[in-house]
Amino acid sequence: AAKAPKRRFSIAARWPASCAAPKAARVAAAEERAAAEAAQQSKEEDRHARAAAEHEAARRLEEEQSAAEAAQQAEAAQRAEEDGLAAEGERSAAEGDRQAREAAEAQAARQLEADRLAADEERQTREAAEAEAAQRAEEGRLAAEAAQEAKEERLAREARPGRADVPDDLEGLHWKTLSQMCKRHGLQHGGRKVDLIARLRGLQPAAAPA
């Protein structure tokens with residue numbers, strides 16, 4: 001025979017009304033716990049989000065600081081390179097000035113040496129001309145003395161006879177001529193001119209009485 005269908009009873013039908021209140025409290029507590037867990041999870045998510053935002057901000061700040069430091073280092077390196085180039089330019093300019101100054105000093109020294117050599121050559125030429133002029137003057141003086149001596153010798157030879165070849169004008173003769181005449185006549189030929197004249201006067205014969 002066919003089985004009779006089972007009767008289905010709901011939980012509410014099985015539990016009396018006195019059991020419904022604790023169930024509602026448990027449901028409300030579960031919902032509160034779920035809401036608290038959801039709030040806690042939301043807070044945790046907010047905390048994680050803030051931490052992530054702070055981490056991202058810190059990373060960006062570090063990147064900006066690194067970029068700023070890199071820029072400063074690059075700028076410092078560029079300034080150092082520019083300063084080095086400027087210093088090198090100044091050293092090159094100073095070296096150029098030094099070389100130009102040394103070249104000018106060398107040129108001045110060469111010019112001074114050339115002027116000194118020219119002055120020495122001019123002095124030597126002047127001294128040679130003066131020496132030649134002095135030599136000519138000495139030769140002229142010796143020639144004049146020789147001519148005077150020859151003249152005096154001629155005058156001595158042309159002295160009147162009877163006077164022992166001694167001229168009357170003995171005072172006008174040079175000491176050398178008087179000395180030679182004394183020597184020729186065997187007289188002492190040294191001493192003063194007046195002594196020589198006196199010796200030669202002794203050779204002259206006395207004047208004849210009138």
Side-chain angles (χ1 to χ4, degrees), residues 71-210:
Q72 289 178 355
Q73 292 177 356
E75 185 179 359
Q78 184 177 1
R79 279 200 306 270
E81 184 177 1
E82 291 176 355
D83 293 341
L85 293 175
E88 183 66 24
E90 291 177 357
R91 285 196 298 271
S92 298
E95 182 67 18
D97 293 340
R98 184 184 64 80
Q99 292 178 357
R101 184 172 62 254
E102 290 179 353
E105 291 175 354
Q107 179 65 24
R110 287 194 297 270
Q111 184 63 37
L112 183 62
E113 181 66 15
D115 294 341
R116 187 186 65 79
L117 292 176
D120 289 343
E121 184 177 358
E122 183 179 358
R123 179 181 56 79
Q124 292 175 359
T125 302
R126 185 175 62 253
E127 289 177 354
E130 291 175 354
E132 184 177 359
Q135 183 177 0
R136 289 180 180 177
E138 182 66 16
E139 291 176 354
R141 186 184 64 79
L142 294 176
E145 289 182 356
Q148 181 66 23
E149 291 177 358
K151 179 180 178 182
E152 292 175 355
E153 185 68 22
R154 182 177 56 78
L155 291 175
R157 287 196 303 269
E158 291 176 356
R160 289 177 295 175
R163 292 290 182 96
D165 200 17
V166 175
D168 292 334
D169 188 14
L170 295 174
E171 287 78 5
L173 302 178
H174 284 286
W175 179 92
K176 188 175 181 180
T177 303
L178 297 172
S179 177
Q180 290 175 353
M181 292 176 63
C182 290
K183 186 176 181 181
R184 188 169 58 249
H185 289 287
L187 299 175
Q188 184 180 359
H189 54 85
R192 299 178 301 171
K193 181 177 180 179
V194 293
D195 298 332
L196 297 176
I197 292 174
R199 295 183 195 122
L200 292 173
R201 292 290 186 198
L203 295 177
Q204 293 178 348

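The model shown is predicted, which means the values in this text are computed figures rather than measured ones.
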>> Please check: side-chain N/O of S179 versus main-chain N/O of W175, any donor-acceptor pairing under 3.5 Å?
In response: no
> When you measure from the side chain of R201 to the backbone N and O of D168, does any donor-acceptor pair fall under 3.5 Å?
Replying inline: yes
>> Test side chain to side chain contact (heavy atoms under 4.5 Å, CB included) on M181 and L203; report intermediate values, then the result.
In response: CA-CA 11 Å; M181 292 176 63; L203 295 177; over 6 Å; no
> Less than 4.0 Å between a side-chain N and a carboxylate O, is that true for E139 and R136?
Replying inline: no
> Salt bridge check: are R141 and E145 linked by an N-O gap of less than 4.0 Å?
Replying inline: yes
Enclosure of [X] [atom1] (heavy-atom neighbours >12, cutoff 6.0 Å):
X	atom1	result
E82	CD	yes
E121	CD	no
Q99	CD	yes

> Does the pair Q180 and K183 meet the rule for a side chain to side chain contact (heavy atoms under 4.5 Å, CB included), with working shown?
Replying inline: CA-CA 5 Å; Q180 290 175 353; K183 186 176 181 181; 5.5 Å; no
Rounded to the nearest 0.5 Å, what separates atom [atom1] in [X] from atom [atom2] in [Y]?
X	Y	atom1	atom2	result
L112	R110	CG	CZ	12.0 Å
T177	L170	OG1	CG	11.0 Å
L178	R192	CG	CZ	13.5 Å
K193	L196	NZ	CG	9.5 Å
L200	H189	CG	NE2	12.5 Å
E105	R101	CD	CZ	6.5 Å

> E127 and R123: salt bridge (charged side-chain N to carboxylate O under 4.0 Å, His left out), yes or no, with the steps?
Replying inline: CA-CA 6 Å; E127 289 177 354; R123 179 181 56 79; 3.0 Å; yes
> Stepwise, does the salt bridge (charged side-chain N to carboxylate O under 4.0 Å, His left out) test hold for D120 with R116?
Replying inline: CA-CA 6 Å; D120 289 343; R116 187 186 65 79; 2.9 Å; yes
>> Is there a side-chain hydrogen bond (donor to acceptor under 3.5 Å, both in side chains) between Q107 and Q111? Walk through the geometry before answering.
In response: CA-CA 6 Å; Q107 179 65 24; Q111 184 63 37; 4.6 Å; no
